[in-house]
Novice: 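Mind looking over this structure? Questions follow.
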Amino acid sequence: MRFLDSLTAITLLLLARVICIQSSVHNYVGDKFSRKGNAFVVHGGSEGIYYSHPSLNDSSASSNGDAYIRFDEITFRRPQEASNFSTGMIYAILFEVDDRETIGGSAYGGQRAICCTADLAKLGACKEGEVIHRLSTTNPGWPEVFGVSFDVNEETSTMQPRSVQITRTGMYNLYFMHCEPRLVDLVVEGKTVWKNPNGYLPGRMAPLLNFYGFMSLAFLVLGIFWFSQYARFWKEVLHLQNCITFVITLGMFEMALWYFDYAEFNESGVRPTGITIWAVTFGTIKRTVSRLIILTVSMGYGVVRPTLGGLTSKVVMLGGTFFLASEVLELVEHVGAVSDLSGKAMLFLSLPVAVMDAFFVLWIFTSLSSTLNKLQAKRMMAKLDIYRKFTNALAVAVIVSVGWICYELYFKSTDIYNEQWQNAWIIPAFWHVLSFSLLCVICALWAPSQNSMRYAYSDDGSEEFDKEDTLTLIKPSPVSAKDVSELKSEDVDLEEDKTESKVRA
């Protein structure tokens with residue numbers, strides 16, 4: 001019952017995230033102020049924005065070179081029982097991350113406060129009860145500060161619509177703040193529109209539009225090569241090659257969907273939720289199928305054994321669990337808030353995927369070691385050669401992945417305020433390039449040819465060895481596989497020599 005309740009909660013959470021369609025339009029639907037130090041705060045959004053360079057030649061309204069943050073219908077609402085008094089200002093403070101020290105202050109080097117305290121007021125630095133802010137010395141006219149107040153018996157107060165032109169590239173942050181303790185139930189409603197010079201894509205996402213276009217072309221080229229080979233030697237195609245064809249097809253659809261998703265988002269300012277969900281799902285299926293193919297090939301399926309035996313259910317269970325965990329993670333990441341900040345829930349959702357990835361790697365290399373030993377013992381030199389190349393490619397991919405994970409952790413730990421947002425797109429792009437590179441290596445190793453069948457499992461008497469080995473993996477017997485192989489080594493060697501002679505002939 002607890003499992004069903006948790007599953008229902010996750011489903012409702014995902015539905016809520018999908019319904020709240022993300023866009024460069026930041027919507028505020030009754031967002032409540034939370035206490036931060038001695039102030040009450042609502043985070044209005046954070047995005048990297050490039051400076052304006054208006055172009056009269058571009059006919060597209062979204063790509064006219066204009067960059068701004070527009071405030072539309074920002075309304076503050078308080079309950080009727082808390083409307084019997086007037087208030088000070090409720091602020092909207094917009095600042096670039098380099099100017100973060102211009103907000104707040106401290107008296108005599110003490111604890112930093114956002115709202116002006118009695119000690120600071122005595123020093124003449126500010127007026128008690130107001131948010132402390134001062135002009136930037138490096139960015140004239142910033143931060144942008146404006147707001148409204150409540151009169152007696154007034155339940156709502158609305159800001160005048162305004163548009164702030166962005167003339168300097170940077171990571172911009174918007175916060176709504178006030179210092180009135182009696183406004184504990186105050187909420188904000190309305191929306192803000194954030195626009196870059198080339199469209200509505202947030203700054204960290206903008207380079208990915210061209211990247212996905214490039215990757216779509218790369219998959220197209222790979223697909224043309226693979227499908228041409230597939231058509232030429234379709235009579236010699238192995239089951240493994242059918243699986244690779246499926247992965248290439250999924251990759252082509254995934255990259256194309258991501259490109260159209262970003263292109264539509266950039267043009268309209270509203271992310272097409274349907275395309276996003278399809279792109280996420282195609283990508284998750286591709287990653288799951290790819291891992292399962294690599295795992296089963298590492299086990300020698302179709303090469304030294306005809307089936308996986310009792311391991312099939314375990315492989316399917318691991319693949320299904322990985323798919324669910326990855327799908328939830330990707331949906332929350334891509335069909336959620338558009339701010340250039342990582343949510344705390346991302347770490348919780350990323351952990352199961354990381355653990356299962358590590359388990360996949362461990363199982364793959366353990367299986368590869370066993371398969372290589374079999375091929376060497378049975379003197380299948382052609383298969384042994386291709387498996388050694390396959391193992392080397394996987395080893396390089398794992399080493400590069402570990403190195404990149406370390407760099408990613410360093411990047412995120414040192415970029416607390418998202419000041420490196422212009423380079424953040426490289427992190428997700430790298431994983432796409434790495435997986436595509438590994439797919440190209442696999443395509444080169446197992447490309448359809450007139451000799452494809454030499455790598456297939458052949459039922460020539462060695463199947464008995466595979467069945468015994470499978471049973472040993474499922475349920476160890478008192479007699480070890482080593483003892484069995486020693487008793488039959490001479491017969492197996494003779495049979496394998498005959499098999500290799502037939503294949504070469």
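Just so you know, residue 1 is the first one in the sequence shown, and it goes up from there.
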Novice: Does the plane of the ring in W404 sit parallel, tilted or perpendicular to the ring in F430? Use 30° and 60° as the thresholds.
Specialist: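 Rings of W404 and F430: parallel, under 30°.
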Novice: Are Q241 and W226 side-chain neighbours, meaning at least one heavy-atom pair lies under 4.5 Å?
Specialist: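 Yes, their side chains come closer than 4.5 Å.
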Novice: Can you tell me how far apart CD1 (I248) and CG (L222) are? Round to the nearest 0.5 Å.
Specialist: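 Reported value, rounded in 0.5 Å steps: 4.5 Å.
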Novice: Using 0.5 Å steps for rounding, measure from the OH atom of Y172 to the CD1 atom of I166.
Specialist: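 Going from the OH atom of Y172 to the CD1 atom of I166 covers 4.5 Å.
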Novice: W258 and F211: aromatic ring centres closer than 6.0 Å?
Specialist: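 No: the rings miss the under 6.0 Å criterion.
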Novice: My understanding is that only residues two or more places apart in sequence, or in another chain, count here; which of them pass ring pair (Phe, Tyr, Trp, His ring centres under 6.0 Å) with F322?
Specialist: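 Partners of F322 by the ring pair (Phe, Tyr, Trp, His ring centres under 6.0 Å) criterion, ordered by chain and then number, come out as F360.
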Novice: Would you mind reporting whether W446 and F390 have side-chain heavy atoms less than 4.5 Å apart?
Specialist: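 In short, these two side chains touch, coming nearer than 4.5 Å.
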Novice: Would you call I294 and L438 a side-chain contact if the rule is heavy atoms closer than 4.5 Å?
Specialist: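 Result yes, sub-4.5 Å side-chain heavy-atom pair found.
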Novice: Is the Y212 ring parallel, tilted or perpendicular to the H432 ring (thresholds 30°, 60°)?
Specialist: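 Perpendicular, since the angle between the ring planes exceeds 60°.
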Novice: W421 versus E47: any side-chain heavy-atom pair under 4.5 Å?
Specialist: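 Sidechains of E47 and W421: no contact.
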Novice: For the atom pair OH (Y200) and CD (E267), what is the distance rounded to the nearest 0.5 Å?
Specialist: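 Y200 atom OH to E267 atom CD measures 8.5 Å (nearest 0.5 Å).
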Novice: Looking only at side-chain N and O atoms, does T158 offer a donor or acceptor that is under 3.5 Å from a partner on T75?
Specialist: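 There is such a pair between these side chains.
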Novice: Check V97, D99, N418, I103 against N173 for a side-chain contact (heavy atoms from CB on, under 4.5 Å) and give me the one that passes.
Specialist: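 Answer after filtering V97, D99, N418, I103: V97.
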Novice: Out of curiosity, L329 CG to L324 CG, how far, rounded to the nearest 0.5 Å?
Specialist: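 Result: 12.5 Å between the selected atoms.
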Novice: Does the side chain of L135 reach to within under 4.5 Å of the side chain of T102, using non-hydrogen atoms?
Specialist: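 Heavy-atom side-chain distance check fails, nothing below 4.5 Å.
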Novice: Assess the cysteine pair C179 / C116: is their SG-SG separation shorter than 2.5 Å?
Specialist: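 No, because the SG atoms of C179 and C116 are not under 2.5 Å apart, which misses the disulfide cut-off.
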Novice: With sequence neighbours excluded, what pairs up with R78 under the side-chain hydrogen bond (donor to acceptor under 3.5 Å, both in side chains) test?
Specialist: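 Partners of R78 under the side-chain hydrogen bond (donor to acceptor under 3.5 Å, both in side chains) test: none.
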Novice: Ignoring hydrogens and geometry beyond distance, is a side-chain donor-acceptor pair present between Y417 and D98 at under 3.5 Å?
Specialist: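 No, because no side-chain N or O of Y417 sits under 3.5 Å from a partner of the opposite role on D98.
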Novice: Can you say whether the rings of F176 and F71 are parallel (under 30°), tilted (30 to 60°) or perpendicular (over 60°)?
Specialist: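 F176 and F71: perpendicular rings.
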Novice: I need the K191 NZ to R70 CZ distance, nearest 0.5 Å.
Specialist: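 Here the rounded value is 7.0 Å.
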Novice: If you draw a 6.0 Å radius around OH in Y68, do more than 12 non-hydrogen atoms from other residues or ligands fall strictly inside?
Specialist: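 Counting neighbours around OH of Y68, more than 12 heavy atoms of other residues, nucleotides or ligands fall under 6.0 Å, so yes.
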Novice: Parallel, tilted or perpendicular, judged at 30° and 60°: which one describes the rings of W194 and H26?
Specialist: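 Taking H26 first and then W194, their aromatic rings sit tilted (interplane angle of 30° to 60°).
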Novice: As an exercise, state the distance from NZ of K195 to OG of S163, rounded to the nearest 0.5 Å.
Specialist: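 Spacing of NZ (K195) from OG (S163) equals 10.0 Å.
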Novice: Is there a side-chain contact between D119 and L123 in this structure, where contact means two heavy atoms from C-beta onward sitting under 4.5 Å apart?
Specialist: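 SC-SC contact between D119 and L123 ruled out.
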Novice: Under a 3.5 Å threshold, yes or no: a donor from one side chain and an acceptor from the other, between E155 and S83?
Specialist: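 Note: E155 and S83 side chains miss the donor-acceptor criterion.
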